[in-house]
Asks: 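Shown below is the structure under consideration.
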Amino acid sequence: MPERRFWLMKSEPGVYSYDDLLKEEERIAEWDGVRNYTARNTMRDDMQVGDGVLFYHSNSKPNAVVGYAIVVKAGYPDFTAWDPNSDHHDPRSAPDNPIWYMVDIRAENKFHKPVTLQQIKSHDHLQDMVLVKNSRLSVQPVTNRQWKIILTLGMSV
DNA sequence: GCCAACGTTGGC
DNA sequence: GCCAACGTTGGC
């Protein structure tokens with residue numbers, strides 16, 4: 001049984017928000033459309049069922065982790081890549097040779113208090129998060145300690 | 001709206 | 001394989 005790991009995934013709330021995830025059937029969504037190799041590798045190789053996912057709103061007011069989710073399906077080919085009608089169509093990818101991968105996540109809890117990027121940047125034990133160091137990576141690892149701190153901050157009443 | 005940082009593409 | 005040019009992300 002592999003150790004449970006933790007991740008952070010970003011989304012622009014105007015495109016897809018945590019509330020959108022809550023409205024999905026069984027609160028589960030396919031995390032399709034990621035077209036970055038580092039993020040792809042993480043989803044394809046590292047994310048496992050049961051792992052925790054911080055859900056972060058980027059390009060938002062405020063930018064913040066707004067809730068968390070759980071991985072319910074490990075990496076598998078992102079079939080939107082070979083759908084010509086998809087916004088994320090990539091003609092280089094094909095069913096017999098997929099380039100892009102995704103996972104499924106299920107919403108677990110919306111934070112009572114979103115944990116803002118400002119908070120994270122000024123917190124002694126959070127300011128070395130990948131989120132701060134490389135703001136462009138849309139799927140990124142989170143340490144056990146970072147996870148615990150952010151969940152405590154977000155779920156406190 | 002601006003722009004810095006980053007990732008990708010493509011010519012050589 | 002290098003690197004300039006370009007496109008995108010995302011904070012401010």
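So that the names make sense, note that chain A is the first sequence line, chain B the second, and so on, each numbered from 1.
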Asks: In terms of side-chain geometry, is the basic nitrogen of Arg5(A) or Glu3(A) positioned less than 4.0 Å from the acidic oxygen of its partner?
Replies: no

Asks: May I have the distance from Gln127(A) (atom CD) to dG11(C) (atom P), rounded to whole angstrom?
Replies: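 Going from CD in Gln127(A) over to P in dG11(C) covers 17 Å.
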
Asks: Take the protein atom CD of Glu12(A) and the nucleotide atom P of dG11(C), then report the distance between them rounded to whole Å.
Replies: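 Spelled out: CD on Glu12(A) to P on dG11(C) is 9 Å.
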
Asks: Check whether more than 12 heavy atoms from other residues, nucleotides or ligands sit under 6.0 Å from atom CD of Gln118(A), and answer yes or no.
Replies: no

Asks: Just the rounded figure in Å: distance from C1' of dT9(C) to CG of Leu8(A).
Replies: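 Leu8(A) atom CG is separated from dT9(C) atom C1' by 15 Å.
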
Asks: Output the rounded distance in Å from NZ (Lys61(A)) to P (dG11(C)).
Replies: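 Taking NZ of Lys61(A) and P of dG11(C), I get 13 Å after rounding.
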
Asks: Nearest-Å distance, NZ (Lys133(A)) to C1' (dG11(C))?
Replies: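 Taking NZ of Lys133(A) and C1' of dG11(C), I get 18 Å after rounding.
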
Asks: Could you tell me whether the phosphate oxygens of dT8(C), OP1 or OP2, come under 4.0 Å of any side-chain nitrogen or oxygen in Lys10(A)?
Replies: no

Asks: Centroid separation under 6.0 Å, is that true for the rings of Tyr76(A) and Trp100(A)?
Replies: no

Asks: Rounded off to whole Å, could you give me the CG-to-P distance for the Asn134(A) and dG10(C) pair?
Replies: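 Those two atoms, CG and P, are 9 Å apart.
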
Asks: Could you verify whether a donor N or O on one side chain and an acceptor N or O on the other, from Asp83(A) and Thr80(A), lie under 3.5 Å apart?
Replies: no

Asks: When the distance from CZ of Arg136(A) to C1' of dG10(C) is rounded to whole Å, what number comes out?
Replies: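 Taking CZ of Arg136(A) and C1' of dG10(C), I get 8 Å after rounding.
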
Asks: Between Asp78(A) and Arg35(A), does any NZ, NE, NH1 or NH2 come within less than 4.0 Å of an OD or OE carboxylate oxygen?
Replies: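 Looking at Arg35(A) and Asp78(A), the cut-off is met.
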
Asks: May I ask you to say what Asn59(A) touches in the nucleic acid, namely base, sugar-phosphate or nothing, with a heavy-atom cut-off under 4.0 Å?
Replies: base

Asks: Do any of residues 33-41 of chain A sit with a heavy atom less than 4.0 Å from DNA chain B, and if so which?
Replies: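 Contacts with DNA chain B under 4.0 Å: Asn36(A), Tyr37(A).
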
Asks: What is the distance, to the nearest angstrom, from the CG atom on Leu131(A) to the P atom on dG10(C)?
Replies: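 My rounded result for the distance is 10 Å.
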
Asks: Would a single hydrophobic cluster contain both Ile150(A) and Met9(A), if residues Ile, Leu, Val, Met, Phe, Trp and Tyr are joined by side-chain heavy-atom contacts under 4.5 Å?
Replies: no

